[in-house]
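The block underneath contains the structure these notes are about, expressed in structure tokens.
Side-chain atoms are counted along with the backbone in the values below, which use heavy atoms only and exclude waters and symmetry mates.
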Amino acid sequence: MGINDERDIEANLQIGPTDQGMVRLFIMAGTTEIPMDFEPDEAREIAEEILAAAKAAEAKR
């Protein structure tokens, strides 16, 4: 399966700082929890990638 394959899965995404100075993306889907911690610089890179993907998606509309 790839990024363009649709799935019937509901998930919740929370994003916030940790008490250790990291940025956490916390994904919950059913009984599965995935905490992903990033250094602030890594989090900024991810944010830039998300913005670039949003711009690319808008261009396809």
Side-chain angles (χ1 to χ4, degrees):
M1 296 203 138
I3 199 162
N4 286 317
D5 296 327
E6 290 189 32
R7 294 173 183 88
D8 191 22
I9 299 171
E10 186 174 320
N12 182 15
L13 171 65
Q14 297 179 12
I15 303 170
T18 69
D19 58 359
Q20 300 294 311
M22 303 288 279
V23 176
R24 177 167 289 171
L25 276 64
F26 189 78
I27 303 163
M28 293 179 289
T31 59
T32 303
E33 297 179 348
I34 304 170
M36 300 171 67
D37 292 347
F38 301 93
E39 295 286 341
D41 288 342
E42 293 174 305
R44 284 186 195 91
E45 289 178 18
I46 293 167
E48 290 171 5
E49 290 180 30
I50 291 171
L51 289 171
K55 287 179 184 177
E58 285 177 331
K60 292 186 180 211
R61 287 185 168 193

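- In terms of heavy-atom proximity, Ala29 sits nearest to Ile9 at CB-CG2, 4.4 Å.
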**Message:** Using side-chain contact (heavy atoms from CB on, under 4.5 Å), reason through Arg44 and Asp41 one step at a time and then give a plain yes or no.
**Reply:** CA-CA 5 Å; Arg44 284 186 195 91; Asp41 288 342; 2.9 Å; yes
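- At most 12 heavy atoms of other shown residues, nucleotides or ligands fall within 6.0 angstrom of atom CE in Met36.
- Scanning both residues, Phe38 and Ala43, for their nearest heavy atoms gives CB-N, 4.1 Å.
- Both Leu13 and Ile46 belong to a common hydrophobic cluster when Ile, Leu, Val, Met, Phe, Trp and Tyr are linked at side-chain heavy-atom distances under 4.5 angstrom.
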**Request:** Show your working on side-chain contact (heavy atoms from CB on, under 4.5 Å) between Glu39 and Met22 and close with a plain yes or no.
**Result:** CA-CA 5 Å; Glu39 295 286 341; Met22 303 288 279; 3.6 Å; yes
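- By the neighbour-count criterion of 12 heavy atoms within 6.0 Å, atom CG of Asp8 is sparsely surrounded, having that number or fewer from other residues, nucleotides or ligands.
- A chain of hydrophobic side-chain contacts below 4.5 Å, direct or via other Ile, Leu, Val, Met, Phe, Trp or Tyr residues, connects Ile34 to Ile50.
- Ile15 and Met28 are members of different hydrophobic clusters when ILVMFWY side chains are connected at heavy-atom separations under 4.5 Å.
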